[in-house]
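Chain letters run A, B, ... following the sequence lines, proteins first, then strands; residues in each count from 1.
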There are 2 protein chains.
Amino acid sequence: MPTTRSYRDACPIARALDLIGERWALLVVRELLFGAQRFSDLSRALPGASTNMLTDRLRELEAHGVVRRRVLPPPAACSVYELTDRGRELEPLLNALGEWGSAEPRSASSSLTATSVLLFLRGSARAHHSSPTDTYRLQLGDRVWTVSTESGQLEIKAEDPAAPAASLRTDPETLNALLLDPDGLDTAIAAGAVHIEGRLSSLRRLLRVAT
Amino acid sequence: MPTTRSYRDACPIARALDLIGERWALLVVRELLFGAQRFSDLSRALPGASTNMLTDRLRELEAHGVVRRRVLPPPAACSVYELTDRGRELEPLLNALGEWGSAEPRSASSSLTATSVLLFLRGSARAHHSSPTDTYRLQLGDRVWTVSTESGQLEIKAEDPAAPAASLRTDPETLNALLLDPDGLDTAIAAGAVHIEGRLSSLRRLLRVAT
DNA sequence: CCGCATCCGTTTCGATACTG
DNA sequence: CAGTATCGAAACGGATGCGG
């Protein structure tokens with residue numbers, strides 16, 4: 001059953017927390033930043049969240065106008081959750097949260113999620129605009145993203161690209177390491193930690209956006 | 001007993017939420033933005049939070065380096081809680097949260113807290129720099145602040161001023177209304193909702209920073 | 001009074017199992 | 001796949017107590 005408790009405080013900060021302050025709520029929003037996701041995608045992306053928790057949060061976020069549930073037309077015939085405009089306005093907040101949190105040491109028992117690394121990738125590209133227009137296919141674990149560079153911006157969407165110039169398949173930890181040290185790419189490929197298709201030189205350039 | 005649960009996610013957003021994502025944590029930080037507060041001050045400022053909850057949150061925030069407990073030297077002989085440097089770095093986050101939350105309609109059953117109105121006052125002054133250097137005493141309910149204007153900035157501290165140019169005593173709701181409509185000051189004084197001392201013209205100027 | 005600690009009922013969380 | 005059902009554990013919220 002969805003949570004209804006409130007701080008009963010007219011302060012805008014408290015009002016915001018009434019909507020997105022419950023446990024897992026902002027992490028659900030984080031997962032939806034790169035596009036619509038199915039229930040099972042969210043569940044796999046947030047392994048610590050139980051399914052009934054996810055149901056509750058999605059219902060609450062939907063009731064609060066942050067998330068929208070959409071039933072895809074046939075033949076897909078499945079439903080997805082996506083951010084509303086109001087939900088997308090949370091992005092500066094998530095950036096501020098991430099900036100503050102990145103100063104905290106990383107605990108050994110924590111794992112790196114795909115979305116987290118992609119947020120880092122996109123954030124890094126903002127500062128650094130040097131890449132030509134290109135589209136890549138990026139696969140982390142069993143999830144796939146489209147990464148496209150255009151005029152220094154880097155756009156990431158949670159969908160399979162139509163005609164990628166190159167493809168990279170790895171796991172979040174390895175990608176994170178490669179963003180911090182792009183020179184490790186050949187070693188990672190040799191070790192089987194990274195699988196690529198298409199032009200290696202394009203992928204090399206992509207990985208350098210963070211350095 | 002303080003909370004120890006964690007998202008176990010290396011994402012900076014999740015790491016931040018591990019530290020300041022528990023219920024009431026960010027509202028405690030909000031209350032400390034204008035200076036050190038005693039336990040009982042915090043308790044009165046956050047009427048919805050039970051005392052054991054407050055104890056837990058303060059212990060956690062202290063353990064995480066966000067808040068510091070300091071024992072005042074005699075003759076005060078009491079302890080106060082204040083933000084550390086790390087805690088003060090949460091201010092942009094709270095601003096982002098407040099900005100997002102202010103788009104949400106205010107529920108009828110919510111009350112306006114003093115700190116909330118003061119954040120609005122200070123935030124309004126940022127945009128609008130037109131005030132001369134002055135120090136005011138502001139009393140809302142039974143709590144007292146020092147408000148000082150200098151070169152377009154407005155500084156607010158949770159302490160009694162030494163030599164205020166003027167004093168204003170009212171409640172959060174009335175102050176909020178006056179910031180939205182400074183022309184209501186005379187009516188509010190006549191109605192006994194506002195008590196002033198010192199130069200009325202200075203106070204009039206102070207109230208106009210938000211318009 | 002202040003600063004908690006303790007007790008206790010309720011809500012929420014988290015894990016697992018199960019269903020259409 | 002997309003959730004519900006169930007249940008124990010933890011967190012929350014309110015009240016009371018207690019030493020300084």
Is A/Arg38 close to A/Leu72 at the side-chain level, that is, under 4.5 Å between some pair of heavy atoms?
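Side chain of A/Leu72 against side chain of A/Arg38, heavy atoms only: no contact under 4.5 Å found.
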If the cut-off is 4.0 Å, is B/Arg69 near the phosphate of C/dC4, judged by side-chain N/O to OP1 or OP2?
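So the side chain of B/Arg69 is within the cut-off, an N or O lying under 4.0 Å from OP1 or OP2 of C/dC4.
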Just by modelled atom types, is the A/Ala10 backbone N or O under 3.5 Å from a matching donor or acceptor in the A/Arg15 side chain?
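A pair under 3.5 Å: yes.
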Is the backbone of A/Arg68 close enough, under 3.5 Å, to the side chain of A/Thr84 for a donor and an acceptor to pair up by distance?
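No, A/Thr84 side chain to A/Arg68 backbone: no donor-acceptor pair under 3.5 Å.
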If I take atom [atom1] in residue [X] and atom [atom2] in nucleotide [N], what distance separates them, rounded to the nearest angstrom?
X: B/Tyr7; N: C/dG14; atom1: OH; atom2: C1'; answer: 12 Å
X: A/Leu58; N: C/dC13; atom1: CG; atom2: P; answer: 13 Å
X: A/Arg143; N: D/dC1; atom1: CZ; atom2: P; answer: 13 Å
X: B/Leu54; N: C/dG3; atom1: CG; atom2: P; answer: 10 Å

Generate the contact string for nucleotides 7-13 of chain D. Rules: B means base contact, S means sugar-phosphate contact only, - means no protein heavy atom under 4.0 Å.
----SSB
B/Thr51 side chain, from C-beta outward: closest of D/dT4, C/dG3, C/dC4
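The listed nucleotide nearest to B/Thr51's side chain is C/dC4.
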Which is true for [X] with a 4.0 Å heavy-atom rule: it touches a base, it touches only sugar-phosphate, or it touches nothing?
X: A/Ser79; result: sugar-phosphate
X: A/Arg59; result: sugar-phosphate
X: A/Thr55; result: base

Electrostatic pair A/Glu22-A/Arg59, nearest N-O below 4.0 angstrom
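Answer for the salt bridge query: no.
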Identify, residue by residue, the members of residues 26-42 of chain A with a heavy atom below 4.0 Å from DNA chain C, and return them in order of residue number, or none.
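Residues of residues 26-42 of chain A that come under 4.0 Å of DNA chain C do not exist, since none gets that close.
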So, B/Asp134 versus B/Thr149: side-chain donor-acceptor pair below 3.5 Å or not?
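No.
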Do B/Ser107 and B/Ser109 get their side chains close enough for a donor-acceptor pair, meaning under 3.5 Å?
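Looking only at side-chain atoms, B/Ser109 and B/Ser107 do form a donor-acceptor pair, the distance falling under 3.5 Å.
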With B/Arg199 as the cation and B/Tyr136 as the aromatic partner, state whether NZ or CZ is under 6.0 Å from the six-membered ring centre and within 45° of the axis.
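No, B/Arg199 does not lie over the aromatic ring of B/Tyr136.
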Using the side chain to side chain contact (heavy atoms under 4.5 Å, CB included) rule, take A/Leu97 and B/Leu17 through it: C-alpha gap first, then chi angles, then the decisive distance, then the call.
CA-CA 8 Å; A/Leu97 204 54; B/Leu17 290 172; 3.7 Å; yes
The single option from A/Glu82, A/Arg44, A/Arg143 passing side-chain hydrogen bond (donor to acceptor under 3.5 Å, both in side chains) against A/Gln37
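Of A/Glu82, A/Arg44, A/Arg143, side-chain hydrogen bond (donor to acceptor under 3.5 Å, both in side chains) with A/Gln37 is met by A/Arg143 alone.
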